[in-house]
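Here is the structure we will look at, set down as structure tokens.
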Amino acid sequence: MTGGPPHLPLVGVLACRKERANGTTYSRVNDHLTEPLLDHAGVAAVLIHTVRPEHARSVLARLDGLVLPGSGSFVHPVRYGGREADAVSGREYDPARDETAAALLRAADEMPGLPVLASCRGMQELAVHHGGTLAQVPDSEVKHRLRAGVDGPDRWAPAHTVAVRPGGLLAELAGPAPDPAAVPVNSQHSDRLDKIPGEVFVEAVAPDGTVEAISVGAPDRFVLGVQWHFEHHTDRSVLDRAVLAAFGSRCRSRMTSRKQQ
């Protein structure tokens, strides 16, 4: 008798909270995210909707990894010392996701073996959790937000390059090729990291100095945030595939240790 399919690590993907015109609320995750996680990290994804903060640890205790994805919404300024009045007119905010992300990251700090992978809004949530602040991206020759039909037909095409700094997780994953000083990435963000707390390691920067990737607690922990979206055109990016493979490896280690408890 042959065995069944192998058990895959189970990772939680934080969802956004949306509201219809009739007042109905629902949770949403971009479909483009789950396939690269399966294909390149070898993990199965489940959606984490907004949960009460006191339940965050219980949720993560059943999982082998946490993913904080990008979103069309912004982290509200009140999360990093601002005021309600500091909210930018016309922007979409998601206070329910803000609260859930903060609770999950607090719980993850108590589980050093739990890998965390964050992108775009998720990277900013990670930075804010550790005491960082955000600011709007200033005018620059570097395009940090491609617009389809204006900057080309594909808003997820490479927008600029990043320089991977030595001594971090990305440097280990990037290797000698592609050129770690000029790795092409996509870009869809209007805010950037401003104040960067000391416990956060800057992994990569754009040509204009914008922080494009961070980590916390490496090499003992795998807590990595990238400002770009690793889930788009993953087949073209050696670095994104390496990031997902490393995340998947850490998730499998977490799964093994969890089963032994």
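Please read these numbers as outputs of a predicted model, since none were measured by experiment.
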Query raised in the report: Any chance the side chains of Arg62 and Ser58 put a donor and an acceptor closer than 3.5 Å?
Result: yes
Query raised in the report: Does the Ser237 side chain pair with the main chain of His233, one donor and one acceptor, at a distance under 3.5 Å?
Result: no
Query - Criterion side-chain hydrogen bond (donor to acceptor under 3.5 Å, both in side chains) on Glu19 and Thr25, from CA distance to verdict - result: CA-CA 4 Å; Glu19 184 173 348; Thr25 59; over 6 Å; no
Report task. Show the numbers, then the answer: is there a salt bridge (charged side-chain N to carboxylate O under 4.0 Å, His left out) between Arg221 and Asp109? Result -> CA-CA 10 Å; Arg221 297 183 68 192; Asp109 286 343; 3.3 Å; yes
Query raised in the report: Do the numbers put Arg17 on top of the ring of Tyr26, so that NZ or CZ is under 6.0 Å from the six-membered ring centre and no more than 45° off the axis?
Result: no
Report task. Examine Arg91 relative to Phe74 and say whether NZ or CZ is less than 6.0 Å from the centre of the six-membered ring and inside a 45° cone about the ring axis. Result -> yes
Query - Residues forming a salt bridge (Lys or Arg N to Asp or Glu O under 4.0 Å) with Glu125, sequence neighbours excluded - result: Arg97, Arg121
Query - salt bridge (Lys or Arg N to Asp or Glu O under 4.0 Å) involving Asp39 - partner list, sequence neighbours excluded - result: none
Report summary line: Heavy-atom nearest pair, Glu231 first then Pro36, reads O-CG, 3.6 Å
Requested in this report: Determine the sole option in His229, Arg155, Gln227 for which the side-chain hydrogen bond (donor to acceptor under 3.5 Å, both in side chains) test with Gln188 is passed.
Outcome: Arg155
Report task. Please report the closest heavy-atom contact between Pro9 and Arg252, naming both atoms and the distance. Result -> CG-CG, 3.4 Å
Query raised in the report: Quick one: do Arg145 and Asp191 make a salt bridge, cutoff under 4.0 Å?
Result: no
Query raised in the report: Under 3.5 Å, is there a donor-acceptor pair between the side chain of Thr210 and the main chain of Ala206?
Result: no
Query - Test log, rule side-chain contact (heavy atoms from CB on, under 4.5 Å), inputs Val223 and Leu169 - result: CA-CA 9 Å; Val223 180; Leu169 285 174; over 6 Å; no
Query raised in the report: To the nearest 0.5 Å, what is the distance between CD (Glu199) and NE2 (His130)?
Result: 5.5 Å
Query raised in the report: Counting distance only, does the side-chain N/O of Thr234 pair as donor-acceptor with the main-chain N or O of Arg241 below 3.5 Å?
Result: no
Query raised in the report: Is Arg79 reaching over with its side chain to a backbone N or O of His129, donor-acceptor style, under 3.5 angstrom?
Result: no
Query - Test: Glu99 and Arg52 ion pair at under 4.0 Å - result: no
**Report entry** Over 12 foreign heavy atoms within 6.0 Å of CG, Asp235
**Finding:** yes
Query raised in the report: Does a side-chain N-to-carboxylate-O contact under 4.0 Å join Arg57 and Glu110?
Result: yes
Requested in this report: With sequence neighbours excluded, tell me which residues meet ring-ring contact (aromatic ring centres under 6.0 Å, His included) with His144.
Outcome: His160, His189
Query raised in the report: So, are Asp86 and Arg83 salt-bridged, with charged N and O less than 4.0 Å apart?
Result: yes
Report task. Take atom NE2 of His32 as the centre, draw a 6.0 Å sphere, and report whether it contains more than 12 heavy atoms from other residues, nucleotides or ligands. Result -> no
Query raised in the report: Salt bridge or not for Lys259 and Asp64, using N-O below 4.0 Å?
Result: no
**Report entry** Sidechain-backbone polar pair: Thr24 side chain, Arg20 backbone, donor-acceptor under 3.5 Å
**Finding:** no
Query raised in the report: Okay, side chain of Tyr93, backbone of Val88: is any donor-acceptor separation there less than 3.5 Å?
Result: yes
